K.L.:
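First, the structure itself, so that you have it in front of you.
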Amino acid sequence: PPTPRPHACLTGGPVPRRLFASYPQTKTYFPHFDLHPGSAHLRTHGAKVVAALGDAVKSIDNISGALAKLSELHAYVLRVDPVNFKLLSHCLLVTVASHFPADFTADAHTAWDKFLSIVSCILTEKYR
Amino acid sequence: MVHFTAEEKAAITSLWGKVNVEDAGGEALGRLLVVYPWTQRFFDSFGNLSSTSAIMGNPKVKSHGKKVLTSFGDAIKNLDNLKGTFAKLSELHCDKLHVDPENFKLLGNVLVIILASHFGKEFTPDVQAVWQKLVAGVATALGHKYH
């Protein structure tokens with residue numbers, strides 16, 4: 001997929017806002033966060049997620065290796081129900097589409113959807 | 001039973017008023033077939049679906065997309081009775097077309113993404129949330145008569 005650069009559009013802003021607005025049940029994973037738009041928690045966390053995606057893109061032929069530690073974290077500590085990865089992926093795509101309509105062609109859409117679905121698989125593959 | 005507030009209805013209808021149903025319909029159905037190629041299983045009679053450009057330019061895809069989105073427009077005029085509005089179409093999709101209802105969710109989300117790309121900033125998180133509610137309601141209504 002096109003290399004994501006850590007634009008402001010992805011870090012801490014629209015993506016979690018969209019996730020929490022459309023799928024309020026996802027807030028249950030963040031009882032310890034200040035979820036107000038622009039909060040430091042969201043900005044920091046958003047940056048982490050975007051950085052991890054960046055790592056996956058850089059190692060696109062070995063995403064499993066690049067995300068091995070994160071995969072363990074999600075399996076043993078975070079235990080986010082797998083359905084939520086689809087919800088987050090969708091909100092990422094909506095955000096990218098709204099910011100880069102000309103670049104977000106049908107082929108780019110396909111590649112990104114595939115990429116995010118593979119990342120999601122890898123992050124949940126150690127669950128059991 | 002999904003319920004829309006007056007504000008939500010207004011948000012939906014005002015955005016919908018700016019949508020070119022023919023273009024958006026072709027775009028939505030085309031993207032469904034490109035991004036989720038297994039959905040092509042329902043469209044053997046549509047001719048050339050062998051590449052992204054073939055699919056996006058395919059006249060049958062465009063015309064069917066327009067039909068689908070026009071029907072969405074009917075839903076928008078009947079937000080208080082989605083199940084009733086789609087009862088016959090639900091039976092059709094189950095008994096004649098044999099479409100897995102999962103596909104309604106896929107198409108709904110593709111439509112949301114297309115609206116995001118057309119409307120940019122205007123497609124705020126709150127506007128998106130209302131549209132997610134709508135596409136979920138339509139998907140449920142279309143699956144309601146399955147047996």
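Below, chains carry the letters A, B, ... as their sequence lines are ordered, and counting in each starts from 1. Computed from a prediction, not measured in an experiment: that's the story for all the values here.
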K.L.:
Roughly how far apart are A/H109 NE2 and B/I114 CD1, rounded to 0.5 Å?
P.N.:
7.5 Å

K.L.:
Testing the basics here: between B/A129 and A/A21, what is the closest heavy-atom pair and its distance to 0.1 Å?
P.N.:
CB-O, 3.4 Å

K.L.:
Tell me the closest heavy-atom pair linking A/Y23 and B/Q132, and the distance in Å.
P.N.:
OH-NE2, 3.1 Å

K.L.:
Any chain of hydrophobic side-chain contacts (each under 4.5 Å) joining A/I122 to A/I60?
P.N.:
yes

K.L.:
Report the option among B/A136, B/P125, B/G120 that has the most heavy-atom pairs separated by less than 4.5 Å from atoms of chain A.
P.N.:
B/P125

K.L.:
For B/F119, which atoms come within 4.5 Å of any heavy atom of chain A: side chain, backbone, both, or neither?
P.N.:
neither

K.L.:
Let me know which of A/T105, A/T110, A/D107 forms a side-chain hydrogen bond (donor to acceptor under 3.5 Å, both in side chains) with B/T52.
P.N.:
A/D107

K.L.:
Heavy-atom cut-off 4.5 Å, strictly under: side chain, backbone, both or neither for A/F20 against chain B?
P.N.:
neither

K.L.:
With a 4.5 Å cut-off on heavy-atom pairs, point out which of B/R31, B/K121, B/K133, B/E122 contacts chain A the most.
P.N.:
B/R31

K.L.:
Heavy atoms only, distances under 4.5 angstrom: which of B/I55, B/V130, B/T124, B/D126 has the most pairs with chain A? Name it, please.
P.N.:
B/T124

K.L.:
May I ask you to name which of A/P101, A/A97, A/P24, A/A102 has the most heavy-atom pairs under 4.5 Å with chain B?
P.N.:
A/A97

K.L.:
Tell me, for B/S53 versus chain A, whether the close heavy atoms (under 4.5 Å) come from the side chain, the backbone, both or neither.
P.N.:
neither

K.L.:
Could you report the tightest heavy-atom contact between A/A106 and B/M56, atom names first, then the distance?
P.N.:
CB-SD, 4.3 Å

K.L.:
Side chains of B/Q128 and A/H90, heavy atoms from C-beta outward: is any pair under 4.5 Å?
P.N.:
yes

K.L.:
In Å, rounded to the nearest 0.5 Å, how long is the span from CG of B/N109 to CG of A/D113?
P.N.:
9.5 Å

